[in-house]
Amino acid sequence: MAQEEIRAELARVAATLGAPASVVVELETPREKSHGDLATNLAMALAKPLRSSPREIAARLVSGLRFRPGLVEATEIAGPGFINFRLGAAQLVETVHAVLAAGREYGRARADPPLRVNVEFVSANPTGPLHVAHGRGAAVGDCVASLLEWSGHAVTREFYVNDTGIQVRLLAESLWARIQQRVGREAAIPEEGYHGGYLAELAGRLLAERGAALADEEPATGVKICRAFAVSALRGEQQEDLARFRVNIDVYFDESRLYAERRVEAAIASLEARRVLFEQDGALWLRTTAFGDDKDRVLRKSDGSFTYFLPDIAYHEDKAGRGFDRAIDVWGADHHGYVPRMRAAMAALGHGPAFFAALIVQLVTVLRHGEEVRMSKRAGEFISLRELVDEVGVDAARYFFLMRRSDSPFVFDVDLATSRTDENPVFYVQMAHARMSGIFRVGGLGPASVAADGVDVAALSDPSEVELIKVLGRFPLVVRRAAEALEPQRVTAYLEELARAAHYWYHRCRVLGEPRALERARLALARATQVVLANGLGLLGISAPERM
RNA sequence: GCCCCUGUAGCUCAGCGUGGAUAGAGCAGCGGUUUCCUAAACCGUGUGUCGGGUGUUCGAGUCACCCCAGGGGCACCA
């Protein structure tokens with residue numbers, strides 16, 4: 001692509017001027033059209049290390065640049081030292097060619113070096129159905145994973161299952177109480193337990209499976225049976241919900257495995273070897289303050305039991321042990337205070353700062369008919385992911401969850417998500433794709449039959465098509481930036497911009513029935529636009545409909 | 001009390017990590033054009049204390065510090 005060629009040439013010339021390797025060559029698309037198609041602030045970034053004025057350096061850079069014919073039409077130095085590039089007209093056709101040649105692969109990149117990345121998300125306790133906030137985490141985690149795949153990395157999608165501990169015990173006791181109630185006995189659900197109606201339903205299923213005699217078991221035995229049944233049933237439901245939400249988890253990692261494989265002891269031993277543990281007041285502490293945390297943390301309490309922090313450390317150490325170069329966790333907002341200590345623990349174990357990253361997913365509130373739908377898990381009333389998907393569909397749900405930064409609270413407007421107007425961004429983007437498809441349908445042409453060969457450059461001269469092609473050309477850069485920043489909302493923002501350019505072009509330029517050369521050129525552009533829209537939507541896990 | 005997040009146009013938000021050219025988009029509003037491969041689109045229209053202040057810098061929405069407002073977190077809980 002033109003961007004990569006220009007970037008490489010800038011880097012080459014900068015090196016001949018003695019630029020340090022630490023200065024990264026970045027190209028951007030200027031807001032102001034008169035500033036050209038691409039611009040770099042490289043000369044300004046080099047001003048300090050080269051001890052010269054930005055404009056002087058810019059002049060030396062420009063005089064050294066050698067581009068192949070047709071790539072760059074004009075280069076100019078502007079403002080405080082920007083170098084602006086105006087691409088040659090042939091670049092437009094090259095973009096169309098590149099899109100059509102790469103097809104479904106357009107926008108994918110090769111990583112250097114490719115990394116093994118573990119993206120852990122949702123990780124809900126197996127204590128109930130997934131709710132809307134899990135849905136947001138699922139969409140974000142899945143899309144971040146896809147972005148990294150598109151950038152050439154090897155990604156594993158992972159879900160951590162808390163199958164031990166107090167929450168699961170309370171779940172089992174709550175189900176046991178429901179069993180007792182079913183057979184007409186007085187039984188109270190533990191105060192801190194699970195009061196949702198789904199447990200009453202589970203109790204019915206369990207009784208049907210095991211017979212009424214189950215209720216006469218010793219409580220200890222009964223609770224144990226309840227526990228196994230509930231965890232398995234609820235986990236199964238969560239998996240179904242995720243599958244329906246088009247999320248495919250590669251690895252479900254059970255917390256119990258950490259104990260079975262003695263990973264917890266191994267983690268203590270590793271920390272011990274690094275001399276970052278100390279004992280105080282009968283407890284075992286990790287000196288996280290030596291790694292940026294604001295206080296030290298207990299790993300093993302004075303009563304001998306572990307805090308939750310320790311298995312979490314063991315779990316992340318296990319990820320490293322499985323060969324992952326990066327561990328990216330998608331956590332709910334209530335865990336954000338946990339980030340510094342986990343980062344500190346990873347540093348204490350000798351992992352570099354790039355190993356661990358946490359994405360915080362903020363709360364979701366649901367708006368229906370202009371009113372907030374209140375959610376409270378404790379009272380057993382909340383909107384499940386399933387209900388939301390039933391109401392708005394997978395496409396709208398995923399798109400909405402992805403269109404804002406994950407760390408800012410999100411108001412999900414159900415009415416907007418289901419509206420068939422251009423105010424609804426997912427409708428607007430999908431409609432652009434459907435319109436491109438419509439051209440081929442009406443023309444009786446297979447989209448795949450369109451080739452860029454023989455396309456007459458000069459034919460695509462309307463400003464709307466020049467603009468559309470430039471937007472198409474930016475897609476690979478957008479994907480790369482979104483992957484680096486772990487920010488899916490950059491892709492939705494881009495798709496809206498692309499859809500806008502496509503709708504604009506569609507209304508301004510007819511395709512079918514134009515003179516032959518022009519029709520061919522425009523068919524190629526329609527196909528290229530369709531491909532990029534489909535690729536972008538596919539990256540987000542959203543369908544690209546042929547008609548709507 | 002300490003920590004984190006948020007604060008940008010009437011509304012919803014980009015932009016902040018890597019400071020850079022007159023701070024952007026969508027929606028809503030106002031004025032106009034058109035009704036054609038999909039169900040409306042297009043053109044024009046913005047006097048924003050970038051929450052406030054101080055500082056660093058040739059240059060700050062972006063970095064540092066302080067303050068204000070809203071939300072979240074704080075444990076030998078999970």
Side-chain angles (χ1 to χ4, degrees), chain A residues 22-26 28 30-32 34-35 39-41 43-45 47-48 53-54 78-82 84 125 127 162 164-170 192 255 280-285 293-312 332-340 360 362-363 403-405 407-411 413 416 420-425 427-428 431-432 434-443 445 464 484-487 489-490 492-494 496-497 499-500 503-504 506-514 519 522-523 526 546-548:
Chain A
S22 58
V23 175
V24 180
V25 180
E26 279 298 348
E28 60 180 19
R31 293 207 161 99
E32 184 61 45
S34 66
H35 294 150
T40 183
N41 65 350
M44 291 180 284
K48 206 158 258 179
S53 79
F82 288 98
N84 297 332
N125 287 341
T127 53
N162 255 294
T164 54
I166 285 176
Q167 295 308 316
V168 170
R169 198 184 74 215
L170 285 168
E192 296 293 305
E255 185 191 354
Q280 187 182 306
D281 305 329
L284 182 67
W285 299 67
D293 199 6
D294 55 7
K295 57 178 293 193
D296 293 324
R297 307 290 173 174
V298 170
L299 298 182
R300 191 177 60 219
K301 296 182 254 182
S302 52
D303 68 1
S305 64
F306 299 144
T307 61
Y308 222 73
F309 190 30
L310 180 55
D312 278 352
D334 55 340
H335 280 72
H336 81 254
Y338 211 67
V339 176
I360 295 302
Q362 277 289 351
L363 299 177
M403 72 182 182
R404 298 278 178 259
R405 302 177 54 90
D407 61 3
S408 69
F410 180 60
V411 178
D413 185 335
L416 178 62
R420 295 171 62 81
T421 69
D422 64 354
E423 290 167 45
N424 179 357
F427 178 82
Y428 188 73
M431 189 65 194
R435 279 190 157 150
M436 297 303 117
S437 306
I439 294 171
F440 293 101
R441 188 172 57 246
V442 170
L445 302 159
S464 69
E484 282 171 2
L486 307 176
E487 291 184 350
Q489 88 277 0
R490 294 181 187 229
T492 58
Y494 168 81
E496 284 164 46
E497 189 182 343
R500 204 173 307 129
H503 284 300
Y504 182 40
Y506 177 89
H507 280 280
R508 207 178 143 99
C509 298
R510 289 196 63 81
V511 176
L512 301 175
E514 293 294 304
E519 184 185 272
R522 286 189 173 159
L523 280 170
E546 297 282 315
R547 59 198 310 166
M548 297 186 71

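A note on names: the letters A, B, ... follow the listed sequences, proteins ahead of strands, and every chain is numbered from 1. Note that the coordinates shown come from a computational prediction; the quantities given were computed from them, not determined experimentally.
If A:Arg490 and A:Met44 are placed on RNA chain B by their nearest nucleotide, the residue sitting closer to the 5' end is A:Arg490. Heavy-atom distances to RNA chain B give each of A:Glu487 and A:Pro340 a nearest nucleotide, and the one nearer the 5′ end belongs to A:Pro340.
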Steps toward side chain to side chain contact (heavy atoms under 4.5 Å, CB included) verdict (A:Phe410, A:Arg405): CA-CA 9 Å; A:Phe410 180 60; A:Arg405 302 177 54 90; over 6 Å; no
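Candidate nucleotides B:rC76, B:rA40, B:rC37 were compared by shortest atom distance to the side chain of A:Trp285, and B:rC76 ranks first. For A:Ala434, whose side chain is taken as the heavy atoms from C-beta onward, the closest listed nucleotide among B:rC37, B:rC77, B:rU38 is B:rU38. Of the candidate nucleotides B:rA21, B:rC5, B:rA39, B:rA39 has the atom nearest to the side chain of A:Arg435. Comparing B:rC42, B:rA78, B:rU38 by their closest approach to the side chain of A:Tyr504 singles out B:rC42. Considering only side-chain atoms of A:Glu484, the nucleotide from B:rU18, B:rC37, B:rA78 that sits closest is B:rU18.
In the displayed structure, A:Arg508 atom CZ is contacted under 6.0 Å by more than 12 heavy atoms of other residues, nucleotides or ligands.
Donor-acceptor pairing under 3.5 Å, judged by distance alone, is absent between the side chain of A:Thr307 and the base of B:rC76.
Nucleotides B:rC30 and B:rU54 place their P atoms 40 Å apart, quoted to the nearest Å. One C1' atom belongs to B:rC67, the other to B:rC74, and the distance between them is 23 Å to the nearest Å.
Within 4.0 Å (heavy atoms only), A:Ile166 reaches sugar-phosphate atoms of the nucleic acid but no base atom.
Nucleotide B:rC76 forms a pair with no other nucleotide shown, judged by Watson-Crick or G-U wobble geometry with both contacts under 3.5 Å.
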